[in-house]
2 protein chains.
Amino acid sequence: MAERTLPQKTAAPRQPFVLRLASLARLSEPELDLLSGLGGREAHRPGDELSVAGDPARRPRFIVSGWATNQHILSDGRRQVFSFALPGDGLGVYPRMTPPALYTSIAHTPMVTVDATPFLDAVRTAAMPGLVKAFTAVARLEDKMLLDQILRLGRQTAYERVAHFLLEIDDRLAAVGLSDRRRFPLPLTQEILADALGLSVVHVNRTLQQLRRDGLIEWRSGQASLLDRDLLMNVAEYHTPGRKPL
Amino acid sequence: MAERTLPQKTAAPRQPFVLRLASLARLSEPELDLLSGLGGREAHRPGDELSVAGDPARRPRFIVSGWATNQHILSDGRRQVFSFALPGDGLGVYPRMTPPALYTSIAHTPMVTVDATPFLDAVRTAAMPGLVKAFTAVARLEDKMLLDQILRLGRQTAYERVAHFLLEIDDRLAAVGLSDRRRFPLPLTQEILADALGLSVVHVNRTLQQLRRDGLIEWRSGQASLLDRDLLMNVAEYHTPGRKPL
DNA sequence: CGGGGGTTTGACGAACGTCAATCGGGGTGG
DNA sequence: CCACCCCGATTGACGTTCGTCAAACCCCCG
C-alpha cells in the first residue's frame with residue numbers, strides 16, 4: 001500500500017475530479033494546475049446536509065472522497081433518491097447553480113470536499129476553454145443520468161433496475177480510478193438502494209439474491225463485483241456512455 | 001381564426017415562447033423583437049421525428065403549437081416518455097445541445113415550430129442579458145421537471161402520479177396563456193399518459209375514473225379540467241414552481 | 001353504414017409492498 | 001478478550017397495486 005515517495009510530477013494519484021474532467025476534455029497545464037490547486041478542504045460526516053432544496057445555493061464543491069445522495073422526502077416519509085454524488089462529482093457545480101437548490105444533498109458516508117469556486121469562475125469567464133468543454137460534458141452526463149433514472153423507474157423491472165444501476169456506478173467509479181471494472185466500493189445500505197430504485201428494502205434484498213444466484217454479481221461488506229458484465233448489460237439494456245444506443 | 005391585420009404593436013397574441021421567456025426575465029425591446037422575429041416556420045405531423053437519440057443535434061427550435069414527446073423505447077417495445085414538449089418549449093435548445101441528442105423527440109400532434117438559432121446565438125455571445133437570464137431560468141425548470149418525474153415514478157402511487165402530472169401541465173400551459181387555471185387542452189391518449197407515468201393503459205384508465213368519481217378532474221375530448229386544485233395539490237404534494245417546497 | 005383508433009370493463013395473474021420475526025456481523029464497553 | 005448491542009440483512013406469510021389478456025363499447029369519419 002505504501003506509495004513511492006520519489007520526486008515524480010504526475011504519477012501521484014490525481015484527485016478524482018481532476019481525473020473526471022480530464023477524461024472529458026484535453027486540459028492544458030494551467031487548467032490542470034488550477035484543479036489540482038483547489039483548496040478549502042472540508043470533512044463531512046454521514047447525515048450532514050450539503051445543500052437543502054429551496055435554500056440559497058452554497059459554495060460549489062468537488063467531492064474528493066465519500067458518497068452523497070441527492071434526494072427528496074415526501075411528507076409521509078417516503079424518500080426518493082434522485083441521484084448519487086460520487087468522488088469526482090460536483091455539489092452545486094453543474095446543476096444550474098442559480099440560488100435555490102433543486103434538491104437536498106446529504107452525506108451518506110464520511111466525505112471530503114474542496115471548494116470549486118475557482119473552477120466555476122474560470123468557466124464563467126470562459127478563460128480556460130478546456131475547462132469549459134469539460135464542464136459542458138459533465139453537465140450533459142448528469143442529464144443523461146437523470147434520464148436513465150427515469151427509464152429505470154418507469155419501465156424496468158426490479159431485476160433490470162439493479163443491474164442497470166450497478167453498471168452505471170461501475171462506469172462512474174472507473175472514470176475516477178475507483179473501479180477496476182470488476183470490483184468496486186459500494187458503500188450503500190439496501191434501504192438507500194431501495195429509495196433510489198423505487199423499491200422496498202425487502203424486494204431489493206430478494207432481487208440482489210436473485211442476481212447472486214444467477215452468478216451476475218457479488219456484494220459483500222461494501223465491495224461489489226460484476227461477474228458477467230456482458231450479460232448484465234444485456235439484461236439491463238445498458239449502453240456505456242459514449243457509445244450510440246443502437 | 002383569421003388574425004386582425006390592424007397595425008397593432010403588441011396587442012397581437014404573443015407567440016408562446018415569447019410569453020414563456022418574458023415571464024422568467026424582464027426582456028428589453030430588442031430582445032422581444034428578436035424573439036418575435038424568429039422565422040423558419042415549419043409544420044410537423046404526428047409521428048415526425050424531431051430529434052433522434054445519438055444523432056447529431058438538429059437546428060434548435062421553439063414550439064409555436066402542438067405537443068411532442070421526449071422518449072426512449074426499449075428493445076422489447078416498452079416505451080418511457082421522459083417529458084413532454086409543449087407550446088413555448090424548446091427542442092434542442094436548453095438541454096445541452098452539444099451534438100448527440102440525449103433522447104428521441106416525436107411530434108405527438110400536428111405542430112408548428114420556428115428556428116431558435118438566433119436566440120441561442122444571442123445567448124452564447126451573451127449579447128442580450130435578459131435572454132441569458134431567461135435561458136438559465138428555463139434550463140433550471142427543465143431540470144426541475146425531470147426531478148419531479150423521478151419522484152412521481154419512484155415514490156408515488158398511480159393516483160398521485162396522475163394528479164401531479166396534470167397540475168404540472170396546467171402550470172406550464174398557464175405560463176403561455178393556454179390554460180385559464182381551470183380548463184386546458186390535453187391532447188393525449190391514455191396510452192401515452194401510461195408511458196409517461198410508468199403505468200399500463202388499463203390502470204391509467206381506472207385511475208382517471210377514480211379521480212373523476214372523486215370530483216377532482218374532468219377530461220373529455222382533449223379538454224381537461226381541474227375541479228379542485230387545492231385538493232389535487234394536497235394529494236400529489238405538488239408545489240407550484242417558485243414557491244418553496246416546505 | 002362500416003371502420004378504426006381510443007376507451008372501458010372483467011377476470012385473472014404477477015410483481016412488488018408490508019409486517020414481523022430472525023439472523024448476522026462488526027463495533028464497543030466492561 | 002469476551003459478552004452485549006445494534007443496525008442492517010434475511011426470511012416467511014400475506015396483502016395490494018398494478019399488469020395482462022381479451023372482449024366490448026364508443027365515437028368520430030369517411
Side-chain angles (χ1 to χ4, degrees), chain A residues 45-47 67 69 74 76-81 108-110 152-166 185-214 217-224 235-236, chain B residues 45-47 67 69 74 76-81 106 108-110 152-165 185-214 217-224 235-236:
Chain A
R45 287 184 302 176
W67 289 41
T69 60
L74 291 171
D76 63 356
R78 280 176 292 180
R79 171 174 60 177
Q80 179 61 45
V81 172
H108 179 68
T109 68
R152 279 192 293 256
L153 296 175
R155 281 298 182 232
Q156 291 199 302
T157 65
Y159 196 81
E160 293 165 342
R161 283 180 217 184
V162 174
H164 197 283
F165 175 81
L166 291 178
L186 189 65
L188 297 180
T189 64
Q190 294 184 1
E191 182 178 3
I192 288 240
L193 196 49
D195 285 342
L197 299 181
L199 301 166
S200 67
V201 191
V202 173
H203 201 65
V204 163
N205 184 286
R206 290 183 169 129
T207 304
L208 287 170
Q209 291 179 50
Q210 188 62 47
L211 282 161
R212 281 194 277 248
R213 269 198 299 278
D214 294 346
I217 68 165
E218 268 178 17
W219 182 17
R220 295 191 325 260
S221 53
Q223 291 283 322
V235 162
Chain B
R45 287 184 303 177
W67 289 40
T69 60
L74 292 171
D76 63 356
R78 281 176 292 178
R79 170 175 60 175
Q80 179 61 44
V81 173
I106 306 276
H108 178 68
T109 68
R152 279 193 292 257
L153 296 175
R155 280 300 182 231
Q156 292 199 300
T157 65
Y159 196 80
E160 294 164 341
R161 283 181 218 184
V162 174
H164 197 282
F165 175 81
L186 189 66
L188 298 180
T189 63
Q190 295 184 1
E191 183 178 3
I192 289 241
L193 197 48
D195 285 343
L197 299 181
L199 301 166
S200 68
V201 191
V202 174
H203 202 66
V204 162
N205 183 286
R206 290 182 169 131
T207 304
L208 287 170
Q209 292 179 50
Q210 188 61 46
L211 283 161
R212 281 195 277 251
R213 270 197 299 277
D214 294 345
I217 68 164
E218 269 177 16
W219 182 15
R220 297 191 322 261
S221 53
Q223 291 284 322
V235 162

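Owing to the predicted nature of the structure, the values given are computational and were not obtained by experimental measurement. All values below were derived from every heavy atom in this structure, side-chain atoms included, with hydrogens, water molecules and symmetry-related copies excluded.
You'll find the side chain of B/Glu191 reaches within 4.5 Å of the side chain of B/Arg79, heavy atoms only. Side-chain contact between A/Pro185 and A/Gln223 is present, with heavy atoms from C-beta onward closer than 4.5 Å. Taking the side chain as every heavy atom from C-beta outward, B/Trp67 and B/Ile192 never approach each other to under 4.5 Å. Here the side chains of A/Arg78 and B/Thr157 are in contact, with some heavy-atom distance below 4.5 Å.
Taken over five-pair windows at either terminus, the axes of the helix from C/dC1-D/dG30 to C/dG30-D/dC1 are inclined to one another by 30° (rounded to 10 degrees).
Closest heavy-atom contact between B/Gln80 and A/Arg155: OE1-CG, 3.3 Å. When all heavy atoms of B/Leu153 and B/Ala196 are compared, the pair lying nearest together is CD2-O, 3.8 Å.
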Check the interface with nucleotides 21-28 of chain C: list each N/O to N/O pair with the protein under 3.5 Å, or write none.
none

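A straight line from CD of A/Glu191 to C1' of C/dT18 spans 14 Å, rounded to a whole angstrom. If you take CD of A/Gln190 and C1' of C/dG17, they are 15 Å apart, rounded to a whole angstrom.
Taken from CH2 in A/Trp219 to CG in A/Leu211, the straight-line distance is 11.0 Å, to the nearest 0.5 Å. Annotation: the span from B/Leu208 atom CG to B/Arg213 atom CZ amounts to 11.0 Å, rounded to 0.5 Å.
Contacts of B/Tyr159 classified as ring pair (Phe, Tyr, Trp, His ring centres under 6.0 Å), with partners at least two apart in sequence or in another chain: none. Not counting sequence neighbours, A/His203 has no partner by the side-chain hydrogen bond (donor to acceptor under 3.5 Å, both in side chains) test.
Across all strands, B/Arg212 comes closer than 4.0 Å only to sugar-phosphate atoms, never to a base (heavy-atom distances).
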Legend entry - Steps toward side-chain contact (heavy atoms from CB on, under 4.5 Å) verdict (A/His164, A/Leu197): CA-CA 10 Å; A/His164 197 283; A/Leu197 299 181; over 6 Å; no
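Contacts between chain B and DNA chain D, taken as any atom within less than 4.0 angstrom of a protein heavy atom, begin and end at D/dC18 to D/dC21.
In this structure, B/Arg161 contributes its side chain and B/Gln156 its backbone to a donor-acceptor pair below 3.5 Å.
Within residues 193-211 of chain A, the residues approached by DNA chain C to less than 4.0 Å at the level of any non-hydrogen atom are A/Gly198, A/Leu199, A/Ser200, A/Val202, A/His203, A/Arg206, in residue-number order.
Just one of B/Val204, B/Thr189, B/Val81, B/Thr69 meets the side chain to side chain contact (heavy atoms under 4.5 Å, CB included) condition when paired with B/Asp195; it is B/Val81.
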